[in-house]
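To start, the structure itself, in structure tokens.
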Amino acid sequence: MIYGTSLSNSIRTNWEKMKFSGYQPPRNSNGVGNMIRGRHPVLKLILVIGCAFILWSLNHPNSPISFRSSRTFSGSSEERAGTPTNSYASGTRAVSTFHKVTETCTKTVTNVVFLKTHKTGSSTMSNIMLRFADNHNLTVALPLKNHWELGGYPSYIDRRLIDPQLPKYDIIGHHFRFNIEKLREIVREEARYITIIRSPMDNVESVFGFFVDQSPFNDWLANVQADTTALRLHTFYDKPESFFTKDTDWYFRSKNHMFFDNGYDVTNTDESYIDSRIQEMDNIFSLVLITDYFDESLIMMKHRLCWDWQDVIYIKFKMRIEEAKTEVDQDLGEKILKWNHADYKLYDHFNKTFWKGVDEYGRDRMAEDLKTFQVKRDEAEELCIDSYQPFKKKPWMLGAKLRPKPSEYCKHLAWSETVYGERLREKMYTSIPGLKEDSEEEEAKHQALFDEVAQGSLRKD
């Protein structure tokens with residue numbers, strides 16, 4: 001998104017026009033410029049005052065349209081910790097009145113918020129989102145440097161912890177904790193919201209396998225005599241309440257993790273609370289993708305957003321070797337669903353909603369599109385991928401190795417969100433006039449702010 005040399009005249013109008021395309025106001029405009037040259041001293045005075053206010057606003061950190069948004073703390077200690085008194089997760093908070101855009105798209109949708117949930121195949125989705133932003137020259141809300149989660153996660157998304165600092169963003173595609181009110185401050189009203197969820201049994205097995213050597217599991221199971229992930233998973237789910245406590249950092253990884261990422265309280269077992277929050281999500285999200293039906297989900301996303309096939313082509317990013325996976329039998333599965341009741345209800349609701357959408361789209365049409373899409377996907381993999389190799393630090397995970405001398409197309413398909421994020425960061429800082437990267441001192445301050453916000457929310461809902 002390349003902005004013009006000033007945001008005078010109409011801030012809102014220019015903001016909509018000033019994309020990476022290099023928009024410049026017409027030189028021979030018959031608009032305000034000619035009016036100033038006329039004999040209207042009062043109008044001249046009004047315009048001078050208006051321009052002065054705009055220039056002040058753009059450079060004042062507390063202005064809502066400033067490029068220098070304040071990242072300093074204010075408010076109570078609870079607010080600084082990311083858990084205000086009337087927390088978004090609270091059961092006393094009224095359900096949001098926000099409702100998704102319901103009109104059928106007629107052109108490519110370029111304002112999209114993708115909530116990247118954990119262990120749902122969402123890294124592939126992040127690449128799709130960031131690649132789309134790159135190809136269409138859109139602005140992206142990025143994590144601070146050296147971070148891979150956005151906005152102070154696990155705190156609710158905090159605009160002070162987004163880079164670069166812009167009034168609005170076109171695309172969001174990283175891990176963050178959802179809060180519709182905070183998001184509406186940084187994206188346009190016409191933005192479409194999408195996310196992805198997974199069968200709770202598969203999600204829990206994947207979360208446990210990935211985070212087994214991290215908090216909270218390494219804290220709770222430190223003295224357990226179990227030398228495999230499978231044994232540790234079974235040990236935990238034999239009696240999860242004997243291990244679980246909110247006094248442990250990252251406790252939410254062990255219970256209703258998808259419900260947490262969507263902004264809600266993982267320990268609130270009240271059925272009316274769970275149902276009301278699922279209904280709130282239904283009101284907000286234009287589409288909830290299902291990992292278990294990933295290709296079908298991408299076809300539905302392509303349809304809902306008026307995207308092209310190339311926008312949704314992907315290659316696999318990370319795969320666990322079969323030996324690292326734990327088989328979830330009926331007994332373990334029932335225990336997982338009972339402990340992760342909110343995630344179970346969440347999945348049950350949106351799985352049904354998804355297939356209702358497929359029925360409206362047409363089952364025969366979906367079957368034909370699925371054949372077309374899988375051919376295109378396989379062609380991309382054949383063109384770009386040499387093999388899948390173990391990661392050095394996590395040898396039970398496989399990553400894509402590109403063929404020798406890969407094309408830019410193949411590189412972009414294979415870039416992780418961290419690599420793609422750095423490309424887009426550089427692109428925005430070199431393309432938006434007046435936007436400057438932080439100094440080392442400013443980076444240190446923002447890192448301290450991140451630590452206070454993120455760490456302060458770890459043991460709170």
Inset, instruction - Check the pair Phe244, Trp220 against ring pair (Phe, Tyr, Trp, His ring centres under 6.0 Å), reporting the backbone distance first and the verdict last. - result: CA-CA 8 Å; Phe244 182 86; Trp220 295 341; 5.8 Å; yes

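- No hydrogens or angles considered: a donor-acceptor pair under 3.5 Å links the side chains of Thr120 and Thr117.
- Annotation: Glu426, atom CD; neighbour count of heavy atoms from other residues, nucleotides and ligands within 6.0 Å does not exceed 12.
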Inset, instruction - Dump the intermediate steps for ring pair (Phe, Tyr, Trp, His ring centres under 6.0 Å) on Tyr293 and Trp355, then the final yes or no. - result: CA-CA 10 Å; Tyr293 306 100; Trp355 288 106; 4.9 Å; yes

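- For Tyr344, the OH atom sits in a loose shell: 12 or fewer heavy atoms of surrounding residues, nucleotides or ligands are nearer than 6.0 Å.
- Identified under the ring pair (Phe, Tyr, Trp, His ring centres under 6.0 Å) test for residues 266-286, with sequence neighbours left out: Phe178-Phe285.
- Contact check on Glu422 versus Arg425 returns a salt bridge, with a Lys/Arg side-chain nitrogen under 4.0 Å from an Asp/Glu carboxylate oxygen.
- A salt bridge links Asp134 to Arg423: at least one charged side-chain nitrogen sits closer than 4.0 Å to a carboxylate oxygen.
- Sorted by first and then second residue, the disulfide bond (SG atoms under 2.5 Å apart) pairs involving residues 236-322 (not counting sequence neighbours) are Cys105-Cys306.
- A side-chain donor from one of Tyr237 and Asn340 sits under 3.5 Å from a side-chain acceptor of the other.
- Going from atom CZ of Phe132 over to atom NE2 of His136 covers 4.0 Å, rounded to the nearest 0.5 Å.
- Remark: Glu327 CD is loosely packed, at most 12 non-hydrogen atoms of other residues, nucleotides or ligands lying under 6.0 Å away.
- For CG of Asn146, the number of neighbouring non-hydrogen atoms (other residues, nucleotides, ligands) closer than 6.0 Å is 12 at most.
- At a threshold of 4.5 Å between non-hydrogen side-chain atoms, the residues His175 and Trp148 count as touching.
- The stretch residues 205-225 participates, sequence neighbours left out, in these salt bridge (Lys or Arg N to Asp or Glu O under 4.0 Å) pairs: Glu205-Arg320.
- Side-chain contact of Glu443 with Gln447: a donor-acceptor pair under 3.5 Å is absent, judged by distance alone.
- Taking the six-membered ring where the residue is Trp, Tyr156 and Tyr88 present perpendicular rings, their angle passing 60° and hence far from 30°.
- Side-chain N/O atoms of Asp170 and Thr110 include no donor and acceptor closer than 3.5 Å.
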Legend entry - Worked verdict on Lys335 versus Asp238 for salt bridge (Lys or Arg N to Asp or Glu O under 4.0 Å): CA-CA 8 Å; Lys335 292 174 180 177; Asp238 279 344; 2.8 Å; yes

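- In this model, no donor atom of one side chain and acceptor atom of the other lie less than 3.5 Å apart for Asn256 and His341.
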Inset, instruction - Apply salt bridge (Lys or Arg N to Asp or Glu O under 4.0 Å) to Asp369 and Lys302, showing your working. - result: CA-CA 11 Å; Asp369 282 354; Lys302 170 183 173 291; 5.7 Å; no

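- Residues His446 and Glu441 bring no donor and acceptor atom of their side chains to less than 3.5 Å of each other.
- The aromatic rings of His118 and Tyr153 lie tilted to each other, with the angle between the two planes from 30° to 60°.
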